[in-house]
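Just so it is clear: chains get the letters A, B, ... in the order the sequence lines come, proteins before strands, and each one is counted from 1.
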Protein chains: 2
Amino acid sequence: MAVSDQEVRERMDAFMQMCRRSGLRATHQRREVFREVARTEEHPDVETIYRRVRKRVPTVSLDTVYRTLSLLEEKGLLCRLEPFSGRARFDANTDSHHHFICTRCGRVRDFASEQLDDLSVPRELRSWGDVRSVHVQVRGICAKCRG
Amino acid sequence: MAVSDQEVRERMDAFMQMCRRSGLRATHQRREVFREVARTEEHPDVETIYRRVRKRVPTVSLDTVYRTLSLLEEKGLLCRLEPFSGRARFDANTDSHHHFICTRCGRVRDFASEQLDDLSVPRELRSWGDVRSVHVQVRGICAKCRG
DNA sequence: GCCGAGTTAGGAACAGTTCCTATTGAGGCC
DNA sequence: GGCCTCAATAGGAACTGTTCCTAACTCGGC
C-alpha cells in the first residue's frame, strides 16, 4: 500500500511547482501535509493525516490540516472521497439504479441502465473480496446550473 | 420529480408489510417519515424530511426522523446516499481510477480499468447536463473482513 | 379500559469541520 | 545574509449534523 519513492518525489515536485505557479507559500506544514497523503494509497482521513504530520511538526494545528487539504483539492493535487455535502440523503427507490450528481448544486437524479447493471469488473477484484454491488456515479453540471 | 400515486401506495404497502413481518409498530410518525421519502425522487436530506413531516405531525422530533430513517434503511426500504462514514478521506492519485469499498471496515482500494474508463452512459443524461466524470464504486466485503 | 413493552420528545452530548484573531515566518528585496 | 511585509499559522471557540439519554407516552394485546 506504499507509493514508490520515485512517485512520491514526482508528486512533491508537482506540489512545489503548483505553489510557485500560484504564488502560494510552500510552508513546512503544507509540504508535510501533502507528503503524508502522497506517500500512501490508503486514502487516510483528516484525523489520521493530522496524527502523522504531528510526528514531524508537533505544533501543527488541525485547522491547518483542513485548510491545506482543501487548498490542495482545489488545486487538483488531491481528491476528496465521498462526503460531498456532509448531509445524509435518502432514496426510496430500491431497484438497482445509478446516479447523476450535479457538483454545483448537489442535485441527484436516478437513472437505470441494463448495460451498466451487468458491468464486469476486473478479475483482480475477486481476490480483494466479495463484490456485492456495482454503482456508477456520473458527475457533472446540471442543465439548471449551466444556466 | 414526483412519484405516481400508484407507486407511493405500493411503497406504503411494502412498509406496512415489513412492520408486520418484523413485529414493529407502524406508528403515525414512522408512516409519515416513510411517506415523505417515498413520494419524491429528489433524494431529500434529513432536515428537509423533518420540515415536511412536521407539517402533518407538528410535534415530531428530529431524533425520531433520524431513528426512523436508519430503521428503514436497515430493513431495506430506503437507501442512504453518500455519507458512508461521515469523514472526509483524501487521495493523491489524480489519474482516473475507480474504487473498491469494503462496507464493513470502510477500507478503500483503487483500481484502474480502461474498459470502465470509456463506459458510455445513457443518452438521456446529455439532456440533464454536462457529464464531467464517470466513477464506478464497487462495494463488497474485503478479504480481511471476510476472515 | 388497562397494562407493559416499545416508541417518542426534547434536550444534552458528541464528532467532524470551519471560523476567528493575535502571532509567526516565507520569500522578495536590499 | 538580514529585514520587512503580508500570507499563513496555532489554538480555541463556534457551528452543523448526528446520536444518546431519560422520562413520558402510546399502540396493540388482553
Checklist entry - What does B/Asp45 touch in the nucleic acid at a heavy-atom separation under 4.0 angstrom: a base, only the sugar-phosphate, or nothing? => result nothing
Item to check | Letter per nucleotide, 5' to 3', of nucleotides 22-30 of chain C [B base touched, S only sugar-phosphate touched, - untouched; heavy atoms, 4.0 Å] | outcome: ---BBS---
What's the [atom1]-[atom2] distance between [X] and [N], to the nearest Å?
X       : N      : atom1 : atom2 : value
A/Ile49 : C/dG16 : CD1   : P     : 14 Å
B/Leu69 : C/dT8  : CG    : P     : 12 Å
A/Leu62 : D/dA13 : CG    : C1'   : 14 Å
B/Phe34 : C/dT7  : CZ    : P     : 17 Å
B/Asp63 : C/dC14 : CG    : C1'   : 13 Å
B/Arg80 : D/dT18 : CZ    : C1'   : 9 Å
A/Arg54 : D/dT9  : CZ    : P     : 17 Å
A/Leu71 : D/dT9  : CG    : C1'   : 14 Å

Considering just the side-chain nitrogens and oxygens of [X], establish if one lies under 4.0 Å of OP1 or OP2 belonging to [N].
X       : N      : value
A/Thr64 : D/dA10 : yes
A/Tyr66 : C/dT18 : no
A/Arg67 : C/dT18 : no

Item to check | Listed nucleotide nearest any side-chain atom of B/Arg30, set D/dT18, C/dT7, C/dT18 | outcome: C/dT7
Next on the checklist: For A/Pro58 and B/Glu47, find the nucleotide of DNA chain D closest to each by heavy atoms; which residue's nucleotide sits nearer the 5' end?
Outcome noted: A/Pro58
Checklist entry - Of all residues at least two apart in sequence or in a different chain, which pass the side-chain hydrogen bond (donor to acceptor under 3.5 Å, both in side chains) check with B/Thr64? => result B/Ser61, B/Arg67
Next on the checklist: Can you give me the closest heavy-atom contact between A/Phe100 and B/Gly129, atom names plus distance?
Outcome noted: CZ-CA, 4.3 Å
Checklist entry - Any luck finding a side-chain donor-acceptor pair between A/Gln17 and A/Arg20 under 3.5 Å? => result no
Checklist entry - Going by atom types only, do A/His98 and A/Asp110 share a side-chain donor-acceptor pair under 3.5 Å? => result no
Next on the checklist: Does A/Arg30 qualify as a cation-pi partner of A/Phe34, given the criterion of NZ or CZ under 6.0 Å from the six-membered ring centre and within 45 degrees of its axis?
Outcome noted: no
Checklist outcome for this item: dist B/Arg132:CZ -> A/Thr103:OG1 (nearest 0.5 Å) comes out at 6.5 Å
Checklist entry - Between A/Arg11 and A/Ala38, is there a donor-acceptor pair closer than 3.5 Å when you use the side chain of the first and the backbone of the second? => result yes
